[in-house]
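Contents: one structure, followed by commentary.
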Amino acid sequence: MRAPLRDIASVRGLALVPVKDGLWRVTGRSGAVLGHIERKLDDRGESFAARRLLPATRTLDLGTFWQLADAADCFR
């Protein structure tokens with residue numbers, strides 16, 4: 001895990017758990033899974049897509065962000 005991920009997790013009270021390369025599970029202080037952040041690479045560069053988990057195993061796209069910190073902020 002890269003250092004910026006640890007900083008975000010400690011500052012915002014979130015845990016970003018690596019699932020695979022470029023995908024993190026976002027959990028809250030209680031350990032409940034809140035959603036996922038996925039790193040995307042394209043011709044514009046690196047971005048981070050945030051998805052919130054909803055009841056009944058559905059997801060809600062929260063947006064795509066240029067900074068990992070901004071994507072993580074959606075879950076606060």
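Taking both residues in full, the closest heavy atoms of Ala71 and Ala50 are given as O-CB, 3.9 Å, listed atom of the first, atom of the second, then distance. In this structure, Gly35 and Phe75 approach most closely via the heavy-atom pair CA-CE2, 3.8 Å. Across Lys40 and Ala49, no two heavy atoms sit closer than the pair CE-CB, 3.6 Å.
Contact check for Phe48 versus Gln67: no side-chain heavy atoms found under the 4.5 Å cut-off.
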Intermediate values then yes/no, salt bridge (Lys or Arg N to Asp or Glu O under 4.0 Å), Glu38 and Arg51: CA-CA 8 Å; Glu38 182 176 9; Arg51 292 186 312 271; 3.2 Å; yes

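Alongside Val19, the hydrophobic cluster contains Leu23 (criterion: ILVMFWY side chains under 4.5 Å).
Distance CG/Leu53 to CG/Leu60: 10.0 Å, rounded to 0.5 Å. Of the inter-residue distances, the one linking Leu68 atom CG with Trp24 atom CH2 reads 6.0 Å to the nearest 0.5 angstrom. One distance of note links CD of Glu46 with CH2 of Trp66; it measures 10.0 Å at 0.5 Å rounding.
By the criterion of side-chain heavy atoms lying less than 4.5 angstrom apart, applied directly or through intervening Ile, Leu, Val, Met, Phe, Trp or Tyr residues, Leu54 is grouped together with Leu34 in one hydrophobic cluster.
Here Asp21 pairs with Arg39 under the side-chain hydrogen bond (donor to acceptor under 3.5 Å, both in side chains) rule; sequence neighbours left out.
Side-chain atoms of Asp61 never come within 3.5 Å of backbone atoms of Gly63 as a donor-acceptor pair (strictly under, hydrogens ignored).
Applying side-chain contact (heavy atoms from CB on, under 4.5 Å) to Ile37 and the options Leu14, Val26, Leu62 leaves one that passes, Val26.
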